[in-house]
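Notes follow the structure.
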Amino acid sequence: MVRPRLRRKSSRAHAKKESKVKLSPILASLCLLGLGISNGGAAAAADANLARNLAATCANCHGTDGRSAGGMDSLAGEARDRLMQKLLAFKSGSRPATIMHQIARGYSDEQLALIAGYLSAQRAHE
Amino acid sequence: MLNRRSFMKGLAGAATLGGLAACTGTTTRARAHVLVIGGGYGGATAAKYLRMWSQGAVDVTLIERNPAFVSCPMSNLVVGGYRELADISVSYAALQSKWGVRLITDEATAIDPARRTVSTAANGVLSYDRLVLSPGIDFITTAVPGLEGNFERLPHAWKAGPQTVLLRQQLQDMPDGGVFAMHVPKSPYRCPPGPYERACVVASYLQRHKPRSKVLVLDANAEIQSKKALFTKAFQGYGKLIDYVPNSDLRSVDATSRSAELEFDRVRADVLNVIPPMRAGSIAVRAGLPLVNGRWVDVDWLTMEAKGVAGVHVLGDALLPAPGMPKSGHMANQHAKLAAAAVLNLLAGEPPSSAPVLTNTCYSFVDDRNAIHVASVHQYDADKRQPMPVEGAGGLSTAASDLEGQYAFAWAKNIWADMLA
Ligand SMILES: Cc1cc2nc3c(=O)[nH]c(=O)nc-3n(C[C@H](O)[C@H](O)[C@H](O)COP(=O)(O)OP(=O)(O)OC[C@H]3O[C@@H](n4cnc5c(N)ncnc54)[C@H](O)[C@@H]3O)c2cc1C
């Protein structure tokens, strides 16, 4: 099976690496803002992190960036559509669960889509 | 060509210079420095996520008095004899080696928000661009006459570590037919279901090893404060082993005789586990942060900054929770991510996200392997200026189960990794 292509680098810390890398979208947009090129406004720049921030609410149980430390499903690198399907099935109650049906109902479909998109773009392994 | 390092330096410089210099890559201004006080559920998570999300561009120093992290969640299983302290302890090594957090094992003694400095017991005065404060709770021991200075005879075990082991030891030393009495303070306190979980786990140990004994739960509240129906059922399952007494106002204690003076009663116990009334960690109180009822720090929920105190972000048990928000490790971890995102935005001269979301999940054991949960999701409400629980979301277990016990262990493993690995 072909894994979905990774769209961005894993957000693992690069504390010790000092390699030349492409700027992440958020930093790039901050840069544009600083030069006054972007008219998107501050809100757009802040929202560039929305998917990341929403997905971080899953990490307590499913691991940082969806890479489980064990005993819980890993979500990192899963196909976006599959993740979204599962989340919507939890939300509607059609997929049986102990807790995920209660959690999924707390998010809008748009938020769930952002979460699915972010997690699917993460590396399955560090 | 602009490489990452010089760009990141630029970003850090932007914290003080404003946006423009950030893109020139030429500034040599110091990198932004975030100081974190407290390496528990809130602080350790914040330290890691600040490094991770800034891709190492922001310097983070963590001040924690203890040499290793010891978890309160799962500590009731140590009291019951089902886990060792080592099983619930995690090193701070990966925060340093993998994430580049600078760790200082020391006591933070004072905060000066105007000068943006923190004093420490052994490492002098440190300055910060932004401070993240997650000191947990401290006890108001004077509220219960007789308690002060007697935590060796009357262990609270409400901070995990030596106290947990001490309570375990006293339970082990208790004779069959003895009384394990616990006092639950008025809400709000750290971990609403925690006392009832402890009662169940202790009862499960006694049932096996000292079946003629009794667990007496003296609750200052009018009823069980969390998962009421589920805990009521669990208590019933232990029959006469657990005696639950609501509205039990504690007047004083006597450490020598291990007795508790209640409003209408006097109880003598073999083990007396008083969970004292509590408030925000004393460093928050000493720093003069705005306290509600003299106990909990009032925060701005978009940044987690203490109200009116710029640059001091407060997390976890120390703060006045929004409606429906428990004082839990899970929630402290979520506060930390909200704060980390906001701090990085603010350092870059950007406003914080306007729509933060937080979740909570608390598992409680009713014996050595079966668990129950309570969960909630909290979305920011712009009118109320605080997160509100989403109606129709969240909820409770239908019944205690082994499967949820396995999830509880997996929760611990994953949240410890999310903070510290
Ligand atoms: C028995 C029990 C069971 C629990 N079970 C659960 C559970 O199942 N799930 C759950 O989500 N929550 C649970 N909790 C609640 C959870 O432990 C707390 O909500 C959580 O620890 C709060 O995180 P915090 O960062 O605010 O405080 P803490 O985790 O207590 O961290 C505060 C840290 O700051 C340090 N510190 C404080 N002041 C200073 C200073 N001046 N200088 C240096 N260091 C300092 C302390 O040493 C400590 O390490 C339980 C609690 C108890 C007592």
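Lettering follows sequence order; numbering is per chain, from 1.
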**Request:** Show the numbers, then the answer: is there a side-chain contact (heavy atoms from CB on, under 4.5 Å) between A:T98 and B:Y407?
**Result:** CA-CA 10 Å; A:T98 54; B:Y407 285 157; 3.4 Å; yes
**Fill in**
Distance col, row A:T64:OG1 vs B:M52:CE, nearest 0.5 angstrom, shows 5.5 Å
**Item:** B:Y49 portion near chain A, given a 4.5 angstrom heavy-atom threshold
**Value:** side chain
**Asked** Among A:A69, A:G63, A:S108, which residue forms the greatest number of heavy-atom pairs with chain B at distances under 4.5 Å?
**Response** A:A69
**Complete:** Closest heavy-atom pair, B:Q379 versus A:Y107, reported as atoms and distance to 0.1 Å, is NE2-CA, 3.8 Å
**Request:** Flag the one option from B:H378, B:E391, B:K48 with the top tally of heavy-atom pairs under 4.5 Å to chain A.
**Result:** B:K48
**Asked** If you count the non-hydrogen atoms of other residues, nucleotides and ligands that lie under 6.0 Å from CZ in A:F90, is the total more than 12?
**Response** yes
**Message:** Counting heavy-atom pairs under 4.5 Å with chain B, which one of A:G71, A:C58, A:A59 comes out on top?
**Reply:** A:A59
**Complete:** Distance col, row B:N360:CG vs A:T57:OG1, nearest 0.5 angstrom, shows 12.0 Å
**Prompt:** Quick one: what part of B:Y41 sits under 4.5 Å from any heavy atom of chain A, side chain, backbone, both or neither?
**Reply:** neither
**Message:** With a 4.5 angstrom heavy-atom cut-off, is it the side chain or the backbone of B:Q406 that approaches chain A, or both, or neither?
**Reply:** neither
**Message:** Please classify the contact between B:L338 and chain A as side chain, backbone, both or neither, with a heavy-atom cut-off of under 4.5 Å.
**Reply:** neither
**Prompt:** Closest heavy-atom contact between B:A375 and A:Q102?
**Reply:** CB-OE1, 4.1 Å
**Prompt:** Minimum heavy-atom separation for A:A56 to B:Q334, with atom names?
**Reply:** O-NE2, 4.0 Å
**Asked** Which answer fits A:I103, side chain, backbone, both or neither, if we ask what part of it has an atom under 4.5 Å from a heavy atom of chain B?
**Response** both
**Asked** Does a side-chain heavy-atom distance below 4.5 Å link A:N49 with B:L344?
**Response** no
**Contact origin within A:H62 toward chain B - heavy atom pairs under 4.5 Å** = backbone
**Contacting moiety of B:H373, where chain A heavy atoms sit under 4.5 Å** = side chain
**Prompt:** How about residues 412-421 of chain B versus chain A: which residues have heavy atoms under 4.5 Å apart?
**Reply:** B:K413, B:N414, B:I415, B:A417, B:D418
**Item:** B:R102 atom CZ, neighbour heavy-atom count above 12 within 6.0 Å
**Value:** no
**Prompt:** Taking the side chain as C-beta and beyond, is there a heavy-atom pair between B:W411 and A:I99 under 4.5 Å?
**Reply:** no
**Asked** B:G329, B:A393, B:A341, B:G394: which one forms the most heavy-atom pairs within less than 4.5 Å of chain A?
**Response** B:G394
**Message:** Side chains of B:T361 and A:N60, heavy atoms from C-beta outward: is any pair under 4.5 Å?
**Reply:** no
